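Written out below as structure tokens is the structure these notes cover.
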Amino acid sequence: MLELSTPIKFVKLVGERVAVELAKRGVETIEDLLYHLPFRYEDRLNPVPMSALQAGTMASVIGEVRGTVLLQTRSMPLFEMTVGQGLSTVKCMWFRGTYLRDKFHVGQMVALYGKLEPSRSSAGKFKMIQPQFEVLPSGTGADAEFSMLEVGRIVPVYESLGGTTAWGAKLGSKWLRRVIWALFEELEKQQLSKSADQQVEVIETLPGAMRARLLFPERLKALKSVHFPEAGTPMTELMSATTSGHRRLIFEELFYLELGLELKRRRMREREGTAFVTNVKVREAIKQVLPFHPTSAQKRVLGEIASDMRKPQPMRRLLQGDVGSGKTIVAMQAALVAIENGYQTALMAPTEILATQHYLSARKLLGDVLSPRTGKPYRVTLLTGSLDEATKREARGRIFRGETDLAIGTHALIEDKVDFDNLGLVIVDEQHRFGVQQRFKLMKKPGALDPDVLVMTATPIPRTLALTLYGDLDASVIDELPPGRTPIVTRRTTEERAEDVWGFVRKQVEAGRQAYIVYPVIEGARDDQPELDFPQDTESDETAASVKAQVDSPAALRNDTKKKSAGKATKGAKTGGAKAKGTKSSVRTEKLFEPKKALRAATDMYEELRMGRLAGLRLGLLHGRMSADDKEVTMRRFQRGDIDVLIATTVIEVGVDVPNASVMVIEHAERFGMAQMHQLRGRVGRGAAKSFCILMTGGRVSDQAEARLDAMVRTQNGFELAELDLQQRGPGEFFGTRQAGLPEFRVANLIRDRALLELAKAEASRFASEPDPAVSREEKDAVWTRLKLQWQRKYGLVEA
Ligand code: ADP
Ligand code: MG
């Protein structure tokens, strides 16, 4: 009997050998195969007639091969094929297409998919460059049995799983259709011969009552309809994954994620924590350290935190607040609640610079006052990885013996060697820089009672991500900036205008202000350096342009060799970045063979500016390869105003607070991610002075980069920027490559499926809280079993 967990090798048409190939792509069981869903569909039942095609669109076309020819151009072989339908024809071209010569024969029916380009030679005609194709079955021969999978229906198109069958056929769409079709036939036969509760065990994962309420089909039916849609299913729904089958599968996946998070949250509420009191004395302690009137958002958020802290359950709260919204002081207030109750607080920051900054400001804030409870000063200890061993040992000792009220540090604080005397509160600053795993680890810090945990982030997290990554936390938002801030003026410019920018920086410094100038890399023309934590946009638009350039005219093909040598010459030229002007073809030359341009880098520009345009000003240099001591010294000098202009990499990105700094120049802004730029801009505009952010580009600006820069100029709203960022980069990259633990989805797409995510969350909470009489015991058990499986396998988030 087949079950979803049955190894794939037992599936018809697969076998041992292919199973090994499939395993390489993560397809090991029947369930894995069934969840390898089509990524698009072709309507071969009602294909769009060629006469109705439109240039510029992606189109799926069925026609008859009318003729083929292999052209030998000077640079490469070019395979051309004409496909016709009545009087209309489309011309297809493949570069280096020699291998296609024996594939096509006149009279064959083929299905093509690709972008339709207007033909240059004859108006009203089209061409397709390198389209995807399938030769359709002729209705006789070995393929006849499966011909109904290829024609006369809506046909699923799959991503290839790589590898080949024993006889050398690709494990592509055609193969997958057959295997999956045969598999469904078998599963359906099996379903028919079984009783209802057996079926629940094998296939279904959502209770019938829930399915009925939400109008979702059964699981097997949903899968079948997604793989082999019935005639009449609207193509738009298929392509946007909004058929009821799709929706059910997406919902199911999100439901189990949310259910897991819901359980985590519930389990946490059952654990025992500390119930802090917030009496007059505690309030007094807080009041006496406040350097300013808190904003109403700060007050509200502190209220939410304090109310959590009063409860006997451990607090698990996420505090979001845009850069500069004043999270630090809220954190300090929370710390005081714990401390005034006789407990220790740990404050963790992602970098040494930040930890040190927090330490210094905590000392400043708490330095002159006495605790109303003890009548003594507060004891603050710094513990970071770079301190020497003796100092660290001593710090750990003070923490362990309870001679510290507030321990501030980097992740050295959660290393196993650190034991607290009685830790009551853990605060994690800039949480997104730590992975989810680290967060879980931190929350499990041993002790008699669970400490309260407050995590803070200045990266506005789009709601979908917050729901998936932080669904186990309660959330607070500081949605208001402290008073007296003037909006930061953001401008775009290019490297060519650098002189003006340096002039402006000089003027600002002369007016008593300070400035940052940020570079994507530390030195030289290398971009493999750790500071650049943003992956480059794909260069696909450029390749497309070059292919187009080659195709547009035969002349382009003939010129090819000439261009290559021109490219070489440019590459050899010392200046780099040749600025080709003039004729059309030289523009093309530049596009095709633009040498990799040297990036302006922090160390080089530090030297250049110090000797050149910023001579006479006090310049500082800060980057990730400096020792922690050097970094700290530099940062402090900048903070004290002993440095006018800080030339840096993104090490300053997060959290650094120097209110007198009013200018942020970002060079190669096209290379930075949205969140990074937003964070960098947040380093200025923190005082009363009018502040400026200058985004300088130097190099090719991709469409995506263009959109980022536009958005930066247009708005300062972090949440708006975050949404665009999420759309551009996808959830996996949203937090940068350092983020670990974002769940992987098989069907769901966090950008597309927000509404279903909300629904899943509501349903998960309902399922976990209300015993529904309409849901049978077996169905419930099936849900719990499924939950365990999905969490273990897909999210790896199961705690030991
Ligand atoms: P972030 O939320 O980015 O961590 P900070 O806590 O560093 O922001 O605060 C940014 C700046 O605003 C700091 O200089 C801080 O002293 C100041 N600040 C915070 N809250 C207020 C307030 N209510 N009134 C005036 N200044 C404030
Ligand atoms: Mg901060």
Side-chain angles (χ1 to χ4, degrees), residues 351 353 490-506 508-509 514-537 576-577 596-615 617-627 630-631 634-635 637-638 643-656 658 661-684 692-702 705 708-709 712 736-737:
T351 64
I353 290 181
T490 303
R491 293 260 186 279
R492 272 185 69 174
T493 184
T494 59
E495 215 169 82
E496 281 73 41
R497 306 278 306 271
E499 289 299 301
D500 301 349
V501 176
W502 307 143
F504 177 73
V505 167
R506 184 176 273 282
Q508 285 282 307
V509 170
Q514 287 164 282
Y516 299 93
I517 305 175
V518 177
Y519 292 88
V521 290
I522 301 173
E523 63 200 9
R526 301 168 40 195
D527 50 9
D528 59 342
Q529 297 167 72
E531 257 76 352
L532 193 69
D533 91 347
F534 182 69
Q536 282 307 288
D537 297 331
K596 205 163 186 141
K597 220 171 167 184
L599 283 179
R600 303 234 253 183
T603 44
D604 310 339
M605 288 306 289
Y606 170 72
E607 288 304 328
E608 188 179 322
L609 291 171
R610 200 164 60 109
M611 307 312 242
R613 289 292 286 143
L614 298 183
L617 306 187
R618 295 165 303 169
L619 266 50
L621 177 65
L622 188 76
H623 61 69
R625 292 232 184 102
M626 289 163 53
S627 76
D630 289 349
K631 274 192 275 190
T634 306
M635 211 47 235
R637 288 180 55 213
F638 188 64
I643 290 175
D644 302 314
V645 180
L646 188 61
I647 293 168
T649 58
T650 54
V651 286
I652 57 148
E653 174 192 331
V654 168
V656 168
V658 181
S662 66
V663 184
M664 168 62 66
V665 179
I666 305 177
E667 281 226 57
H668 288 298
E670 75 278 4
R671 296 222 155 209
F672 288 85
M674 186 74 101
Q676 256 180 341
M677 276 194 280
H678 181 61
Q679 283 283 337
L680 286 169
R681 177 166 60 184
R683 298 308 108 216
V684 299
F692 304 86
C693 174
I694 300 166
L695 306 170
M696 262 164 102
T697 54
R700 201 180 66 88
V701 181
S702 70
R708 290 197 292 273
L709 295 166
M712 282 290 294
T737 43

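As a basis for the values below, the full set of heavy atoms in this structure was taken, side chains included, without hydrogen atoms, waters or symmetry mates. Predicted model only: the values in this text are computed from it and were never measured.
Contact of the L614 side chain with the D644 side chain is not registered, since no non-hydrogen atoms from C-beta on lie closer than 4.5 Å. Within the 4.5 Å cutoff, no side-chain heavy atoms of Q514 are placed close to those of L646. The shortest distance between side-chain heavy atoms of T603 and L621 falls below 4.5 Å. When side chains are defined from C-beta on, V658 counts as touching M635, because their heavy atoms get closer than 4.5 Å.
With sequence neighbours left out, the side-chain hydrogen bond (donor to acceptor under 3.5 Å, both in side chains) criterion links E667 to Y519, R600. With sequence neighbours left out, the side-chain hydrogen bond (donor to acceptor under 3.5 Å, both in side chains) criterion links T490 to R681. The ring-ring contact (aromatic ring centres under 6.0 Å, His included) test applied to Y606 returns no partner, not counting sequence neighbours. For E608, the salt bridge (charged side-chain N to carboxylate O under 4.0 Å, His left out) test picks out no residue, with sequence neighbours left out. With sequence neighbours excluded, the residues satisfying salt bridge (charged side-chain N to carboxylate O under 4.0 Å, His left out) with R610 are E607. Under the side-chain hydrogen bond (donor to acceptor under 3.5 Å, both in side chains) criterion, T493 pairs with no residue at all, not counting sequence neighbours. A search for side chain to side chain contact (heavy atoms under 4.5 Å, CB included) contacts involving D500 returns R497, not counting sequence neighbours. Applying the salt bridge (charged side-chain N to carboxylate O under 4.0 Å, His left out) criterion to R491, with sequence neighbours excluded, gives no partner residue. With sequence neighbours excluded, no residue satisfies side-chain hydrogen bond (donor to acceptor under 3.5 Å, both in side chains) with R637.
Considering CG of L617 and CD1 of I643, their distance stands at 12.0 Å, rounded to 0.5 Å. The distance from the CG atom of L622 to the OH atom of Y516 is 9.5 Å, given to the nearest 0.5 Å. The distance from atom CG of D630 to atom CZ of R625, rounded to the nearest 0.5 Å, is 14.5 Å. Here the CG-CE distance, from L680 to M712, works out to 8.0 Å after rounding to the nearest 0.5 Å. To the nearest 0.5 Å, atom CG of residue L709 and atom CG of residue L695 are 6.0 Å apart. In this structure, the separation between CD1 on I647 and CD1 on I517 is 4.5 Å, given to the nearest 0.5 Å.
A donor-acceptor pair under 3.5 Å is formed between the side chain of R708 and the backbone N or O of F672.
The two residues A602 and T649 come nearest to each other via the heavy atoms CB-CG2, 4.0 Å. Of all heavy-atom pairs spanning C693 and I666, the tightest one is SG-CD1, 4.5 Å. Nearest heavy-atom pair across R506 and A615 is NH2-O, 2.6 Å. Between V505 and A515, the closest heavy-atom pair is CG1-CB, 4.0 Å. Considering all non-hydrogen atoms of both residues, G698 and E495 come closest at CA-OE2, 3.3 Å. The shortest non-hydrogen separation linking Q508 to V663 is CG-CG2, 3.5 Å.
Under the 3.5 Å distance criterion, with hydrogens and angles disregarded, no donor-acceptor pair is assigned to the side chains of Q676 and H678.
With respect to the salt-bridge test (charged N to carboxylate O, under 4.0 angstrom), the residues E499 and R613 qualify.
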